[in-house]
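Convention: sequence-line order gives letters A, B, ...; per-chain numbering from 1. Heavy atoms only: backbone and side chains are in, while hydrogens, waters and symmetry mates are out. Please read these numbers as outputs of a predicted model, since none were measured by experiment.
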Amino acid sequence: MYKNTNCGDITLDRAGDFVIVAGWVSRRRDHGNLIFIDLRDRSGILQVVFNPKISEESHNLSEKLRNEWVIQVSGTISKRKEGAENDDLKTGQIELNAKELKILSPSKTPPFEVIDDLNIDELTRLKYRFLDLRRPKMQNLLKLRHNVTHEIWNYLSDKDFIQVETPILIKSTPEGARDYVVPSRLHPGQFYALPQSPQQLKQILMVSGIEKYFQIAHCFRDEDLRADRQPEHTQLDLEMSYVHKKDVIELVEGLFISIVEKIVPSAKFNKPFLHISYEESMERFGTDKPDTRYGLELRTISEIVTNIGINVFDSVIGNGGIARSIVLPGCGEYTRKQTDELINFSKLSGGKGLVFIGLDKNIQSLDNIQDDQYRSSLKKFLSVDIVKNIYNFTGAKPGDLVLIVADQAKVVNNVLSAIRTRMGKELNLFDNNEFNFVWVDDFPLFEWDDLESKWVPAHHVFSSPKEEDLIYLEKDPAKIKAELYDLVCNGYELGSGSIRIHDRDIQTRVFNVIGYQKEDIDTRFGHLLRSFDYGAPPHGGMGLGLDRLVMLLGGQDNIREVIAFPKTQTASDPLFDSPSNIDSNQLRELGISFTDLD
RNA sequence: GGUCCCGUGGUGUAGCGGCCUAACACGCCUCCCUGUCAAGGAGGAGAUCGGCAGUUCGAAUCUGCUCGGGAUCGCCA
């Protein structure tokens with residue numbers, strides 16, 4: 001070994017010890033005859049002192065040292081001089097008196113300093129990701145990710161789960177997300193697809209008798225990127241035989257509690273997790289992935305605001321729309337600029353606008369509001385009585401701002417939940433160290449696709465309908481609820497799962513609703529369905545986003561921070577400069593040529 | 001595919017029609033310095049303002065296109 005001690009681990013009790021350390025020069029403080037080096041390795045920072053009285057040769061050599069040079073130093077640990085201690089440093093009570101210095105690898109001047117307090121363009125960080133990852137913050141995030149994965153392995157192994165690897169080269173199935181595709185050399189003109197998830201493979205593993213399976217699985221989806229979406233992401237994928245919904249939920253909840261308690265002991269979180277149905281979630285929060293750390297719940301107020309002479313509301317609601325509200329506490333005296341900003345924001349998330357009513361904070365009771373004590377975008381249509389009504393119904397108080405959006409339900413919910421998320425942040429309604437886990441269940445099995453005029457699966461085709469809803473399968477698909485459950489935390493969907501269909505007859509009836517023809521079914525799902533013909537145990541499971549979980553636990557707001565080598569928004573990698581052209585010989589071998597697409 | 005924000009020495013910013021032969025901080029280089037820890041002091045090098053085209057007597061500054069990064073809607077069973 002080039003070292004026998006880690007820099008950051010050395011404490012006062014090692015005083016007098018002779019040690020060998022190695023690492024990067026993090027900082028250099030040259031006092032002429034005395035040179036201080038902050039030496040950094042994974043464990044932390046150690047102050048090394050080069051003193052000509054101890055070694056003239058090492059001192060001379062140390063004058064050459066610059067940031068990010070890799071060096072090896074040996075010498076004696078000593079307690080620092082009185083008054084020279086540094087309490088900000090774990091090793092601040094001691095220092096290494098360098099006897100021998102060896103330069104293992106010099107460095108160019110780095111494009112940015114390897115420090116936590118860094119404010120630079122992300123592109124530069126990604127180009128020099130090897131330097132970026134040296135920063136203690138990034139080291140900690142990678143360690144956090146490892147700790148989470150480690151706990152998953154331990155916890156699930158203890159529960160008799162077996163980790164099974166599944167292939168990365170599988171078959172393209174056209175539904176779902178866009179596939180990443182790999183040409184086959186041995187079968188010119190044919191392609192593999194990278195898995196969007198190991199869904200069908202793990203179901204086959206259940207038919208194979210694995211009973212309890214898990215995998216830290218890479219999943220690939222060729223769709224547009226977001227702060228919480230990369231083209232390849234990692235899932236904790238798991239599946240269990242002979243289980244009901246309740247069993248999967250209990251297992252995953254136990255695992256997540258264990259992860260949070262062991263790995264982020266300082267975190268505040270709710271135990272047991274909340275449970276809420278899809279319908280209730282939409283009703284209260286306007287989304288199926290609610291941030292339940294704070295209130296700001298939505299209310300439907302169609303009845304209060306119709307037939308009071310306001311055209312906007314009457315016509316929208318007459319056309320099958322609804323009016324819903326959100327109350328922003330303490331925002332009743334928002335300026336014109338602030339309310340304009342909210343209206344503008346509502347348009348960004350698809351709304352046509354919103355109506356606000358702001359009430360002065362110094363009103364004693366709602367009973368004696370004066371005309372000059374409230375402002376509204378619809379002031380001339382809103383009598384004092386209607387304002388009173390709205391405030392009473394929504395539970396708003398003097399000093400609060402009521403926002404109303406009227407449109408088709410989907411738009412209303414989109415707009416208001418976006419406003420809710422934004423205002424939760426802006427009004428500081430939650431604690432950053434808090435994690436609020438909630439199970440959302442009773443999802444509909446199908447959704448109506450307006451564009452294609454057909455039913456599509458809300459989750460995927462293998463999710464089981466609730467037994468009591470089977471009677472609606474042919475008559476009224478909208479009514480069917482599924483054995484589906486999502487795990488949501490702080491407004492992020494961490495994962496979703498379901499009890500699967502293991503009965504061929506029910507599976508066929510579901511395919512019929514979606515309108516799949518027999519041939520489609522055979523080419524897309526034949527392999528799985530064939531396995532079901534030979535005794536398929538009832539089974540169910542989940543896929544859980546590891547990147548998002550680590551992001552949340554690490555207090556980050558995008559998953560690139562917890563992925564060693566992430567891609568940019570255009571799915572390229574600035575470090576490797578991928579994707580790239582390939583050799584024409586490679587293309588020829590694959591039988592691929594290009595046509596001009598435009 | 002749409003909308004919005006950003007692009008000035010290595011890094012982060014300022015400058016937003018002539019005062020810019022582009023400013024400041026950090027970093028970098030040279031020299032001085034034995035107790036610093038974002039060391040200090042003195043001096044110095046370094047950008048034609050993402051690219052292209054246009055408007056103008058004159059463009060970092062205005063316009064168009066384009067490239068790159070980010071946020072977001074669509075998309076993501």
Side-chain angles (χ1 to χ4, degrees), chain A residues 26-39 45-54 59 63 66-68 80-89 91-92 95 97 108-128 131 173-179 196-197 199-200 219-231 233 344-345 347-351 411 414-415 418 421-422 443 445-447 449 451 455-463 482 484 493 496 498 510 514 516 524-525 543 545 557-558 560 567-570 572 574 577:
Chain A
S26 191
R27 237 175 204 127
R28 181 177 72 109
R29 291 178 293 281
D30 186 346
H31 288 231
N33 264 325
L34 204 57
I35 294 174
F36 298 94
I37 296 288
D38 286 342
L39 188 67
I45 280 184
L46 170 69
Q47 172 163 287
V48 180
V49 190
F50 291 94
N51 188 332
K53 280 185 183 161
I54 291 174
H59 178 267
E63 282 176 358
R66 293 294 182 271
N67 282 358
E68 302 311 314
R80 289 196 188 188
K81 281 195 167 176
E82 189 86 19
E85 301 90 349
N86 182 353
D87 291 336
D88 297 336
L89 226 53
T91 58
E95 63 195 6
N97 297 289
K108 285 188 182 177
T109 300
F112 52 84
E113 280 187 274
V114 179
I115 49 171
D116 278 349
D117 192 17
L118 193 64
N119 173 30
I120 65 163
D121 195 88
E122 212 183 318
L123 182 63
T124 311
R125 290 178 55 202
L126 292 181
K127 240 184 213 151
Y128 295 90
L131 286 177
T173 54
E175 77 286 336
R178 203 175 288 112
D179 282 321
Q196 297 175 23
S197 88
Q199 180 63 36
Q200 298 185 47
C219 305
F220 307 85
R221 294 173 190 184
D222 188 4
E223 296 293 346
D224 286 358
L225 289 79
R226 290 285 188 283
D228 64 349
R229 270 164 35 192
Q230 282 273 305
H233 74 284
N344 205 25
F345 182 75
K347 289 178 183 163
L348 292 179
S349 35
V411 176
N414 279 347
V415 171
T421 304
R422 175 190 157 142
F443 282 82
L445 187 62
F446 301 107
E447 278 165 10
D449 184 337
L451 289 175
W455 293 104
V456 293
H459 181 58
H460 60 59
V461 287
F462 310 114
S463 296
L484 251 171
E493 185 194 310
S496 61
S498 64
V510 167
I514 314 169
Y516 281 176
R524 292 180 198 182
F525 311 113
D557 56 10
N558 83 65
R560 280 172 257 123
K567 301 211 170 19
T568 67
Q569 201 159 77
T570 47
S572 55
D577 197 22

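- In this structure A/Glu95 satisfies the side chain to side chain contact (heavy atoms under 4.5 Å, CB included) test together with A/Gln47, A/Val49, A/Ser78, A/Arg80, A/Asn97, sequence neighbours excluded.
- Rounded to an integer number of Å, the gap from A/Asn119 CG to B/rG12 P is 7 Å.
- A/Gln199 is linked by a side chain to side chain donor-acceptor pair (under 3.5 Å) to A/Gln203, A/His460, counting only residues two or more places apart in sequence or in another chain.
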Q. How does protein reach along nucleotides 2-7 of chain B, written 5' to 3' as B (base within reach of a heavy atom under 4.0 Å), S (only sugar-phosphate), or - (no contact)?
A. ------
Q) Can you give one letter per nucleotide of nucleotides 27-42 of chain B, 5' to 3': B if a protein heavy atom sits under 4.0 Å from the base, S if only from the sugar-phosphate, - if neither? A) -SSS--BBBBBSB---
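- Take A/Leu348 and apply the side chain to side chain contact (heavy atoms under 4.5 Å, CB included) test, not counting sequence neighbours, and it matches no residue.
- The separation between A/Asp179 atom CG and B/rC75 atom P is 18 Å, rounded to whole Å.
- The shortest distance between the side-chain N/O atoms of A/Arg226 and the OP1/OP2 oxygens of B/rC73 is below 4.0 Å.
- Between the C1' atom of B/rA71 and the CG atom of A/Asp557 lies a distance of 11 Å, rounded to the nearest Å.
- Here A/Thr568 reaches the OP1 or OP2 of B/rG69: one of its side-chain N or O atoms lies under 4.0 Å away.
- A/Arg125 has its CZ atom 14 Å from the C1' atom of B/rG12, to the nearest Å.
- Taking 3.5 Å as the limit, the base of B/rG74 and the side chain of A/Asp224 contain a donor-acceptor pair of atoms between them.
- Considering only residues two or more places apart in sequence or on other chains, A/Thr568 meets the side chain to side chain donor-acceptor pair (under 3.5 Å) condition with A/Thr570, A/Ser572.
- One atom, CG of A/Leu126, and another, C1' of B/rG68, lie 13 Å apart when rounded to the nearest Å.
- Atom CD of A/Glu122 is separated from atom C1' of B/rG12 by 16 Å (rounded to the nearest Å).
- Contact annotation: A/Thr570 side-chain N/O to B/rG69 OP1/OP2 distance is under 4.0 Å.
- Every ring-ring contact (aromatic ring centres under 6.0 Å, His included) that A/Phe525 has, sequence neighbours left out, goes to A/Phe462, A/Phe511.
- Shown here are the side chain to side chain contact (heavy atoms under 4.5 Å, CB included) partners of A/Ala177, two or more places apart in sequence or in another chain: A/Gln196, A/Arg221, A/Glu223.
- Partners of A/Asp38 under the side chain to side chain donor-acceptor pair (under 3.5 Å) rule, at least two apart in sequence or in another chain, are A/Arg29.
- Here A/Asp228 does not pair with A/Arg226 in a salt bridge; the nearest charged N to carboxylate O distance is not below 4.0 Å.
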